[in-house]
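Data first, discussion second: the structure below is written as structure tokens.
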Amino acid sequence: MAIVSNQTLNNLRTTVRGEFKNAFQGATAASFYKKLATEINSSTKSNTYGWLSKFPQMREWVGSRVVKDMSESSYQILNKKFESTLGVAREDIEDDNLGQYATIARSMGQEAVDFLDRELAKIIKGGFENTCYDGQNFFDEEHPVYAKPDGTGDPTTVSNICKNSGSDNGTPWYLCSLNRALKPFIIQNRTAMEMEAITDTKNDTVFMEDKYLYGIRYRGNQGYGLWQQAVGSKADLTKDAFEAAFRQMQKFKRDGGDPMGIRPSALVVPPDLESAAESILKMQFLSGGASNPNYNKVELIVNPWLG
């Protein structure tokens with residue numbers, strides 16, 4: 001029987017933290033959130049993203065600079081707190097039954113990444129009901145684009161929802177532009193994913209329940225970037241609908257009427273639409289033998305949490 005010494009507890013703490021960190025880093029490389037969202041660090045309880053709507057366009061410098069004030073819009077992402085906790089029974093330490101906790105710690109590292117992917121899927125699916133920086137739903141038919149570059153003048157309403165002649169109440173799919181510094185979705189990190197430990201025998205939980213605690217702690221939240229970098233659709237995912245969404249995104253303009261130069265780079269679908277998406281993007285030749293103009297036109301991303 002092992003003696004539950006400080007050295008034993010330190011070794012366990014080091015193992016759990018190390019396995020968690022390695023698993024988290026490994027899973028992050030294959031995560032969906034890394035592809036679809038821009039990570040922004042936060043130093044307060046919330047961040048305000050007024051600059052999203054009024055970032056100034058480059059111009060020839062003639063005379064004095066033309067200063068464009070930050071938008072008065074108050075789109076905020078409020079940080080929240082999240083946790084997951086593992087209790088290690090003292091008997092397992094006494095009985096040298098510690099090998100299982102390395103595996104559990106690796107599973108917790110994977111869970112931390114899965115959590116970020118799941119939360120991002122909620123943000124994407126909720127884009128038809130949740131507002132972005134301009135006060136409209138992220139996926140909406142009435143985004144205002146103003147006549148003058150300074151955000152004044154009569155607005156024209158623009159849609160980033162793709163509708164088709166068929167059903168518009170089907171399974172949602174999304175066409176995104178992920179090739180810019182700012183992606184269509186934001187992950188706001190107040191603190192990183194941390195593995196903390198309580199191993200002091202004088203701690204109430206340890207003393208009363210005979211358990212040592214190891215837990216993940218995270219502060220942050222997720223939200224929306226530029227609506228112009230995503231088109232959402234509930235129409236049937238067909239070749240015609242995909243091409244319509246592609247053209248729709250390419251035509252988006254900034255205030256003043258100048259094209260934004262958006263180019264779609266990824267089709268994001270739930271598993272139920274994977275076959276339909278592959279028939280559009282992964283078949284090199286059409287049924288008649290002609291070349292498929294949409295072959296590998298954008299990356300296909302299948303997110304299981306969008307189902």
Side-chain angles (χ1 to χ4, degrees), residues 1-37 39-47 77-126 185-223 303-307:
M1 179 182 291
I3 298 175
V4 184
S5 64
N6 287 335
Q7 184 61 50
T8 301
L9 294 173
N10 285 335
N11 290 343
L12 179 58
R13 183 188 303 113
T14 300
T15 296
V16 169
R17 284 178 172 173
E19 294 293 345
F20 170 83
K21 180 179 180 181
N22 290 339
F24 179 79
Q25 291 176 341
T28 295
S31 66
F32 295 104
Y33 80 86
K34 279 289 185 181
K35 291 183 177 182
L36 297 171
E39 291 188 84
I40 295 179
N41 292 329
S42 173
S43 58
T44 58
K45 68 178 182 179
S46 67
N47 281 24
I77 299 178
L78 179 67
N79 291 315
K80 298 180 180 179
K81 188 164 58 176
F82 304 89
E83 65 84 24
S84 177
T85 305
L86 168 67
V88 180
R90 184 167 180 170
E91 304 95 276
D92 286 336
I93 301 175
E94 292 173 338
D95 297 339
D96 290 327
N97 193 19
L98 300 181
Q100 61 180 320
Y101 289 102
T103 301
I104 293 173
R106 289 193 292 271
S107 297
M108 293 177 76
Q110 178 68 61
E111 164 57 24
V113 174
D114 289 348
F115 161 77
L116 293 173
D117 284 345
R118 290 197 306 270
E119 291 298 301
L120 180 60
K122 291 178 185 178
I123 288 291
I124 296 173
K125 290 192 294 184
F185 309 102
I186 292 172
I187 291 183
Q188 180 175 287
N189 296 315
R190 180 63 181 89
T191 64
M193 291 283 182
E194 303 168 317
M195 174 65 79
E196 300 178 329
I198 296 178
T199 56
D200 185 352
T201 55
K202 296 180 181 179
N203 178 272
D204 287 347
T205 300
V206 177
F207 182 79
M208 296 298 295
E209 300 184 19
D210 212 25
K211 286 183 180 180
Y212 299 106
L213 301 183
Y214 296 82
I216 306 171
R217 181 183 185 274
Y218 171 70
R219 281 186 70 197
N221 207 345
Q222 303 186 8
N303 187 324
W305 288 285
L306 287 176

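Since the structure is predicted, the reported quantities are computational estimates derived from the model, not experimental observations. In this chain, residues are counted from 1 in sequence order.
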| field | Any donor-acceptor pair under 3.5 Å from Q188 side chain to I77 backbone | value | yes
| query | Would you say the side-chain atoms of D117 pair up with the backbone N or O of F32, donor to acceptor, closer than 3.5 Å? | reply | yes
| field | side-chain contact (heavy atoms from CB on, under 4.5 Å) between V113 and M193, worked out | value | CA-CA 9 Å; V113 174; M193 291 283 182; over 6 Å; no
| request: Measure the spacing between CZ of R17 and OH of Y214 and express it to the nearest 0.5 Å. | output: 8.5 Å
| note | In this structure, CD1 of I187 is separated from CD of E119 (nearest 0.5 Å) by 9.5 Å
| said: Has R217 got a side-chain atom pairing as donor or acceptor with E194's backbone, closer than 3.5 angstrom? | reply: no
| said: So which atom in A23 and which in G109 form the shortest heavy-atom distance, rounded to 0.1 Å? | reply: CB-CA, 4.1 Å
| message | When you compare the side chain of R190 with that of K81, does any pair of heavy atoms fall below 4.5 Å? | response | no
| task | Could you check L120 against N303 for side-chain contact (heavy atoms from CB on, under 4.5 Å), going step by step and ending with a plain yes or no? | result | CA-CA 10 Å; L120 180 60; N303 187 324; 5.7 Å; no
| request: Measure across A192 and Y218 and return the closest heavy-atom pair with its distance rounded to 0.1 Å. | output: C-CD1, 4.1 Å
| remark: Closest heavy-atom pair, G87 versus K211, reported as atoms and distance to 0.1 Å, is CA-CD, 4.5 Å
| request: To the nearest 0.5 angstrom, please state how far the CE atom of M195 sits from the OG1 atom of T85. | output: 9.0 Å
| ring pair (Phe, Tyr, Trp, His ring centres under 6.0 Å), paired with F115, selected from F82, Y33, F24 | F82
| query | Which atoms form the tightest heavy-atom contact between N79 and S46, and what is the distance? | reply | ND2-N, 3.9 Å
| Judged by atom type as modelled, is there a donor-acceptor pair below 3.5 Å linking the side chain of S84 to the main-chain atoms of I216? | no
| Can any side-chain N or O of Q222 pair as donor or acceptor with the backbone N or O of L116 at less than 3.5 Å? | yes
| request: Please round to the nearest 0.5 Å and tell me the distance separating atom NZ of K80 and atom NZ of K45. | output: 14.5 Å
| field | Separation between CG of N47 and CD1 of I186, rounded to the nearest 0.5 Å | value | 9.0 Å
| If you take all heavy atoms of F20 and M108, which pair is closest and at what distance? | CE1-O, 3.6 Å
| task | Output yes when a side-chain donor or acceptor of E19 lies under 3.5 Å from a complementary backbone atom of A102, and no otherwise. | result | no
